[in-house]
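Encoded as structure tokens, here's the structure I'll be asking about.
Please read all numbers here as calculations on a predicted model, not as lab measurements.
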Amino acid sequence: MLDLQFVCENRAAVEENCRNRGVPIDLTQLVSLADRRRQLIASGDQLRHEQKDLSGQIPKAPAADKPGLIARGKELREQITQTEAELVTVEEQLRLEQAQIPNMTHPAAPIGLEESESITAREWGTKPKFDFKPLDHVELMAKLDMVDLEAGTKVAGHGFYFLKNAGALLELALVNFAVEKLRSEGFTIFTTPDLARDEVLHGTGYMPRGPETQIYSVHNTDLSLVATAEITLGGMFKDEILDYAKLPLKVAGISHCFRTEAGGRGKATRGIYRVHQFTKVEMFGFTAPELAASDEFHEMVVRIEEEIFQGLEIPYRVLDICTGDLGGPAFRKYDLEAWMPGRGEAGEYGEITSASNCTDFQARRLAIRTRVPEKKGTQFVHTLNGTAVACTRAMIAILENHQQADGSVIVPPVLRKWMGMDRITPPAA
RNA sequence: GGAGAGGUGGCAGAGUGGCCGAAUGCGCCGGAUUGCUAAUCCGGUAAUCGUGAAAACGAUUCGGGGGUUCGAAUCCCCCCCUUUCCGCCA
């Protein structure tokens, strides 16, 4: 969420930003609610001040004066109750209005509403040329006996799967590879809860239990399955004041990710590209509340993502995401898209990572602050998140890019120590 | 799951209706002093909201919510969390 005072004082800029992002918004209501809130706080403060003063006089007052003072006290109590009740209502409405407003946007982010208006910042690697018709990951995994989609459907429904044989090993190898990389970069590694309180989901900008939610919730509890470890990693320092000297904090989480993918049917649903559950290693950062600090962290996150996929020898491109395609909390976002030879007619790019700088947008709702030397009070830290490895997508890219004419797949050298094999071949019958 | 104990400032820990935003200790910051890797002494040291250019002033906050009262950290009710013992268990 944005700072209320900031929104009121920079109304035109906020409205323009919303237009750039394709978010319809009218700030009139918000501004008048903010005014009303201020009035109510002022009169409430004044009434309470008088009440405090009065109740201090009562024990010392002559007996004859007491009934009058007590009567006045009762009157004040009623006025205060009334004022506070209205304030609660106003603040509730205000919160709803505020929640609609997306983060501001990095001045360098490309402006545009269509996905196609994102800019390709750079490309890496050479797309493989095959002297045979390349298979897609579904066919490859079937031939290599790496997945059981039917069993997944039987047990949990469409969008669930059993990884099997080299499939299961490949998932673990990817997790290990990412963890090794992140440790060398100074990240503290966590396995995190796969469920979180709705309050934490809201804090990180996810909306459980709505009509269009992407989130699975557990009935009769305030818990939901996490869509990413971003939620739990962001939530772990909720309401805390972080030591400025220890920033930036680099943490990484291994978790399962659960997504309903409501309305996601139709495009690219084949195989394990879009699934309801997958395993992911996620980076998360808390930086000093300065754009220079979070910008630098953002570049580092993208660099690590690129080095991971360079290690896996996957051709990819980096997209600087345009304003219309940024999520609400993101100030700027870079996606990595891997070349997937089995997608579409002759191969297509598919999203494999996403790295966002959320500036203080998440931190404000989560109340994660720091004390900046020489500055009064506390300030909200900046938070960032980025995918190290989303296993299913990474597996697709590996299988389709490294497939051989005989249907086997060469294992990227960096994974071999965990896979225990150089090449994935069909298991002996 | 059963029985008990407890949630107060960065930490520890007092406080059972007005003199309590809160003793004391530790930590931290500033200063004094001492020729010595330290001790001692003095002072300062919460967050949030509102008004204000600022200094400052006011309000709120003792796990959360509700109640009693002129007045609640303190009394009553509900909830949450932590912890100890027992049971069960990967």
Separation of the C1' atoms in B:G71 and B:A54, to the nearest angstrom: 35 Å
Backbone N/O of A:Cys358 and side chain of A:Asn103: donor-acceptor pair under 3.5 Å: yes
Results of side chain to side chain contact (heavy atoms under 4.5 Å, CB included) for A:Thr83 - residues two or more places apart only: A:Leu40, A:Ser43, A:Leu47
Non-neighbouring partners of A:Thr28 that pass side chain to side chain contact (heavy atoms under 4.5 Å, CB included), sequence neighbours left out: A:Arg11, A:Asp26
Side chain of A:Arg197 - closest among B:C81, B:C70, B:U48: B:C81
Spacing between A:Leu69 atom CG and B:C70 atom P, to the nearest angstrom: 12 Å
Distance in angstrom units between A:Gln39 CD and B:G50 P, rounded: 14 Å
Nearest-Å distance once atom C1' is located in both B:A22 and B:U33: 33 Å
Nearest-Å distance for atom pair CG/C1', residues A:Asp243 and B:C11: 15 Å
Atom pair distance, as rounded to whole Å: CD in A:Glu9 and C1' in B:A53: 13 Å
With sequence neighbours excluded, residues passing salt bridge (Lys or Arg N to Asp or Glu O under 4.0 Å) with A:Asp35: A:Arg38
Whole angstrom value for the distance that separates C1' of B:C28 from OH of A:Tyr244: 19 Å
Check: A:Thr204 side chain, A:Tyr206 main-chain N or O, donor-acceptor pair, under 3.5 Å: no
Any A:Arg371 side-chain N or O less than 4.0 Å from OP1/OP2 of B:A47: yes
Separation of atom CD1 in A:Ile70 from atom P in B:G17, rounded to whole Å: 18 Å
Nearest-angstrom distance, P atom, B:U69 to B:G64: 23 Å
Residues forming a side chain to side chain contact (heavy atoms under 4.5 Å, CB included) with A:Met1, sequence neighbours excluded: A:Gln98, A:Arg364, A:Arg365
C1' spacing across the pair B:A3 / B:A90, given as an integer number of angstrom: 26 Å
Closest listed nucleotide, where the reference is the side chain of A:Arg369 and the choices are B:U48, B:G18, B:G50: B:U48
Residue pairs, two or more places apart or on separate chains, that pass ring pair (Phe, Tyr, Trp, His ring centres under 6.0 Å) and touch residues 12-48 of chain A: none
P atoms of B:U60 and B:A73, separation to the nearest Å: 10 Å
Partners passing side chain to side chain contact (heavy atoms under 4.5 Å, CB included) against A:Gln93 (at least two apart in sequence or in another chain): A:Leu33, A:Thr89
Pairwise side-chain contact, A:Met395 with A:Leu163, heavy-atom cut-off 4.5 Å (strictly under): yes
5'-most by nearest nucleotide on RNA chain B - A:Ile58 or A:Phe380: A:Phe380
Test item: A:Asn20 side-chain N/O and A:Thr323 main-chain N/O as donor-acceptor pair under 3.5 Å: no
Positions of residues 40-53 of chain A (non-hydrogen atom under 4.0 Å from RNA chain B), listed by number: A:Ile41, A:Asp45, A:Arg48, A:His49, A:Gln51, A:Lys52
Pairs meeting criterion ring pair (Phe, Tyr, Trp, His ring centres under 6.0 Å) with involvement of residues 20-59 of chain A, two or more places apart: none
Pairwise salt bridge (Lys or Arg N to Asp or Glu O under 4.0 Å) hits with a residue in residues 275-293 of chain A, at least two apart: A:Lys280-A:Glu282
N or O in side chain of A:Arg38 less than 4.0 angstrom from B:C49 OP1/OP2: no
Span that lies between the C1' atom of B:G13 and that of B:G7, in whole angstrom: 13 Å
Whole-Å distance separating the CG atom of A:Leu242 from the P atom of B:A46: 19 Å
Residues in contact with RNA chain B, drawn from residues 76-98 of chain A - heavy-atom cutoff 4.0 Å: A:Arg77
Dot-bracket notation for RNA chain B, counting Watson-Crick and G-U pairs under 3.5 Å, with | for partners on another strand: ((((((((.[[[..)..(.....]]]((((((.......))))))((((((....)))))).[[[[[..)....]]]]])))))))....
Spacing of A:Lys238 atom NZ relative to B:G64 atom C1', expressed in whole Å: 12 Å
Euclidean distance for P, B:U68 against B:U74 (whole angstrom): 15 Å
Residue whose nearest RNA chain B nucleotide is more 5′ - A:Gly56 or A:Arg37: A:Gly56
Residues in salt bridge (Lys or Arg N to Asp or Glu O under 4.0 Å) contact with A:Arg371, at least two apart in sequence or another chain: none
Between B:C19 and B:G58 - P atom distance, rounded Å: 16 Å
